[in-house]
Structures are given as C-alpha cells and as structure tokens.
Amino acid sequence: MPAVVLVGAQWGDEGKGKATDLLGSQVDYVVRYQGGNNAGHTVVIGDEQYALSLLPSGVLYPNVVPVIGNGVVVDPGVLLEEIEGLAARGVSCKLLLLSANAHLIMPHQRALDRVTERYLGKARIGTTGRGIGPAYGDKVGRMGIRVQDLFDPGILHQKLELALREKNQVLTKVYNRRPIEVEPVAEEYVGYGERLRGYVADTSLVLSEALDAGKNVLLEGAQGTLLDVDHGTYPFVTSSSPTGGGACAGAGIGPTRIDRVVGIAKAYVTRVGSGPFPTELFDEYGERLRKVGGEYGVVTGRERRCGWFDAVLARYAVRVNGITDLFLTKLDVLSGLEKVPICVAYEIDGVRHDEMPMTQTEFHHASPIYEYLDGWWEDISNVRSPEELPKNARNYARAVEEMSGARVSAVGVGPGRDQTVPVHPLLTSTRLVT
C-alpha cells in the first residue's frame, strides 16, 4: 500500500494538523518525519483544542499508530510533558513509537541556540531558542546523541563528555556563560530513557512491514517548503527538510513507497521570524488577516507576518515537492473583502518573473504583481460541500488551483474538525464544481 506525504506549501503554519486530522480516520499510521518542538500543530475537536509540538496529529485517533521518525530531533522532557498532558485530558499515547535513531536535543544545544541568536542582533534568523538548529548541526557533525544512547549509560556519558569538552569552551570563553556539567545531564537523560523505553522501536522496519501488509501510512512534516534548509529562503530557514523528499530520509522508507504528496496552503500567506516576504502587508489588511485568522504561533505565541496569497511560491512548492493535491485552508478568513488580491508574478528591477528568482538577492528585491478577484460577503463557516460555496469563493479556489498547477482537493472553512469542504477523495482527479 502506498504512503501519502503531507507538506506545508508556504512558510509553515498552514494547517497541517487539521489536514492530518481530516485523514486520520483513513490511515493506520501517522509519522512525523522531521523538525522538533519549535513547530506546532493545532487540532480542534468540538470545543477542545489540542496544541501538539512533537507528537503527530494522528495521536488523537485511538486506533492510529503515531510515529516519531528518525529525522526528528527530540527534546525528551518536552515529549514526556506532551504525553502526560494528553493523558490528563483522556488521550492515550500507548501506541506511540519513537525511532531509536532520532537525535536528542541536549541542554548545551538549547543554551547555544539562545546565546548565538542574541549575539546576531539584527542579523538573527528568528529561531525559537529550543536547540533545534544546534541539534541538527551536531547530527551532521557526527557529535549527536541519539535515543538509543539513553539505554547505554557508558556510551551516553562518553558522548556527552566529548561534546561538552568543545561546547563548554564556546559557552564560557565566547559567550561568558557557565559551563554545563556532565554528570547531572547524564543522570537526567538516563531517567528520560527509562520513561521512554516502552515507546522506542526500529520505526523504519515497522513502517516497511506495515506498508507490505497493506496498511495506510501518512507522513507529516513540520514547518513548510520555504523553510527547507535546501529549498527555502536560506538562511532564514529551519535546519531540516520539510519537503516531500525529506519524508523518505526522515521516516526511513524509500521514494517508491510514496503515492501522493498533499500540499497544505493557506488562502493567504503567513511567516514567522526573519526573512524576505514579497506579499507581506503592513496596513489594516495585514492586521485584519492576523486578527481574523488568529495568526499567533502555536508553540511560541509570536505574531505571524501576514500577506496575500502568492502563486509564485505555490508553483515553486508544487514543483519541488511533486505536490499532487492542495488542501486550501482558512478560506473563511477572506470573507467580507470586496476584492481579494493574488500575487501572480514578481517585478524585480523592471523585469517580470513568473517563477521563483534564482538568487536570494533577487528575491529580497521582489515586488508582487497582483490580480484582483471579486470577493464574497457570505459567512462560509457552515459550508460542507463545494456547491454551497459562494460563486466568488469557488472562483478564488479555482484560481489558486490553476495558478499553482495542482488540484484543490479540500477547502478549510474554519478551525473545527468538521469545518472542511471535501472537493474530492485524494485518490481521484475530480476538479472543483463550476
């Protein structure tokens, strides 16, 4: 049975949790394949709202196996807090599987993340200070500590001692911070290992066997395409690969296992942190999108920067991910606008660009070229079928579909689990009604 990948088609916060939740009843496994607790998913079920940071959204379904893949960097204290928080609300995590190959976020990585970001001043990247970047850096530098190391205190102590020999020099001599002692950290993390032992597995093998057995597997990334370390707006990116290609490496399955790639895109665009943003709004429309859309970070509470839908970015996301279907979220936020702009191209130094410019310098200087669609005034939060959508709302969704190059498979009209308009099943090719 093939796997399906869910990817953010913008700068993250597109509503991937809602999309995962929509598909949760149709799958057997939901896999988080990259990122750390610097990104969150919000899922609304009835009057209950769940903010998840490390756990896959599928954990809210009692018969779905949630998997944290090897591509994730895990803060064990945060993970245990999240498990206990859900248990207090009656949600069991007994089926959770955690890859033995996933890397751990350590205290020295959190400390370095915070001090280096402050040191950069105006040139800062906009990280959350949770140690994600340094953890990935140590992983690539072959100095990382993995989940499996928690079960060998000797190896854990040895790796930690080696890492701190260098990291403490930087903390004390460069940033004038206190050194981190090996023993308390080793003891703390061995304790985490005992509490997490029952969840740890060879998740690559588990997923391979599940696919061989005809099970449905959904792979969900954190952040979004434009935050990918290779394909995003570098250096204002995350430290991993949230794109469709990253799903294979981060889950431990081959590319031939993947059948569909579903891109999640807001009906407008938001961004958190620093970096270029061609359609960003600094006027009352930007504030309106922020307030009506509730654009504040799930994990950090930071205000999100807001702008109109960018079809250039959408085409780029479709291309680099191989997106087959789009889930267009938050269409309801645009209700009540007389005209709704869509950025169809960029103007850079007097030249029109219909595709993403090649260099970061060009992208920094990009000015949006807009087309204006007629808006709609109706409240669409109770709409449940494409036919019920106002004509201009359907026209807007169709424009997104045509300009991006991928069909719109579902439309979000509110935060609730049931506030979704299914346009067609994800494995068919029916287009929006005319």
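Please read all numbers here as calculations on a predicted model, not as lab measurements.
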Evaluate the criterion side chain to side chain donor-acceptor pair (under 3.5 Å) for residue pair W377 and S335; output intermediate values, then yes/no.
CA-CA 5 Å; W377 300 96; S335 294; over 6 Å; no
Sub-4.5 Å side-chain heavy-atom contact between [X] and [Y]:
X    : Y    : result
S381 : Q419 : yes
S57  : V30  : no
Y370 : T279 : yes
L97  : P66  : no
L104 : V147 : yes

Under 3.5 Å, sequence neighbours excluded: what are the donor-acceptor pairs made by side chains of residues 69-83?
residue: N70; atom: ND2; partner: A249; partner atom: O; Å: 2.9
residue: D75; atom: OD1; partner: G77; partner atom: N; Å: 3.2
residue: D75; atom: OD1; partner: V78; partner atom: N; Å: 3.4
residue: D75; atom: OD2; partner: R110; partner atom: NH1; Å: 3.0
residue: E82; atom: OE1; partner: S53; partner atom: OG; Å: 2.9
residue: E82; atom: OE1; partner: L54; partner atom: N; Å: 3.1
residue: E82; atom: OE2; partner: S53; partner atom: N; Å: 2.9
residue: E82; atom: OE2; partner: L55; partner atom: N; Å: 3.4

Minimum heavy-atom separation for [X] to [Y], with atom names?
X    : Y    : result
P276 : R271 : O-NH1, 2.6 Å
D354 : A345 : OD1-CB, 3.4 Å
V408 : A397 : CG2-O, 3.7 Å
V318 : S404 : CG2-O, 3.5 Å

Between D310 and Y346, is the side chain to side chain donor-acceptor pair (under 3.5 Å) condition met? List the steps.
CA-CA 10 Å; D310 190 330; Y346 301 143; 2.6 Å; yes
Parallel, tilted or perpendicular: ring planes of F236 versus H364, cut at 30 and 60 degrees:
perpendicular
Tell me, please, which residues at least two apart from T420 pass side-chain hydrogen bond (donor to acceptor under 3.5 Å, both in side chains).
K18
List in chain and number order the residues that pass side-chain hydrogen bond (donor to acceptor under 3.5 Å, both in side chains) with R195, two or more places apart in sequence or in another chain; answer none if no residue qualifies.
E84
Only counting residues at least two apart or in another chain, list the ones meeting ring pair (Phe, Tyr, Trp, His ring centres under 6.0 Å) with Y189.
Y192
Just to verify, what does E295 make a side-chain contact (heavy atoms from CB on, under 4.5 Å) with, not counting sequence neighbours?
K266, Y268, T270, R290, R304, C306, K330
Is the closest side-chain donor-acceptor distance between S99 and N101 under 3.5 Å?
no
Flag the pair [X] and [Y] as a salt bridge only when some basic side-chain nitrogen lies within less than 4.0 angstrom of an acidic carboxylate oxygen.
X    : Y    : answer
R305 : E280 : yes
D113 : R130 : no
R197 : E194 : yes
D138 : K167 : yes

Are the side chain of R315 and the backbone N or O of M403 linked by a donor-acceptor pair below 3.5 Å?
yes
How about E284: does its CD atom have over 12 heavy atoms from other parts shown lying under 6.0 Å from it?
yes
Which distance, rounded to the nearest 0.5 Å, do you find between the CG of L6 and the CZ of R32?
12.5 Å
Qualifying residues under salt bridge (Lys or Arg N to Asp or Glu O under 4.0 Å), relative to E388, sequence neighbours excluded
none
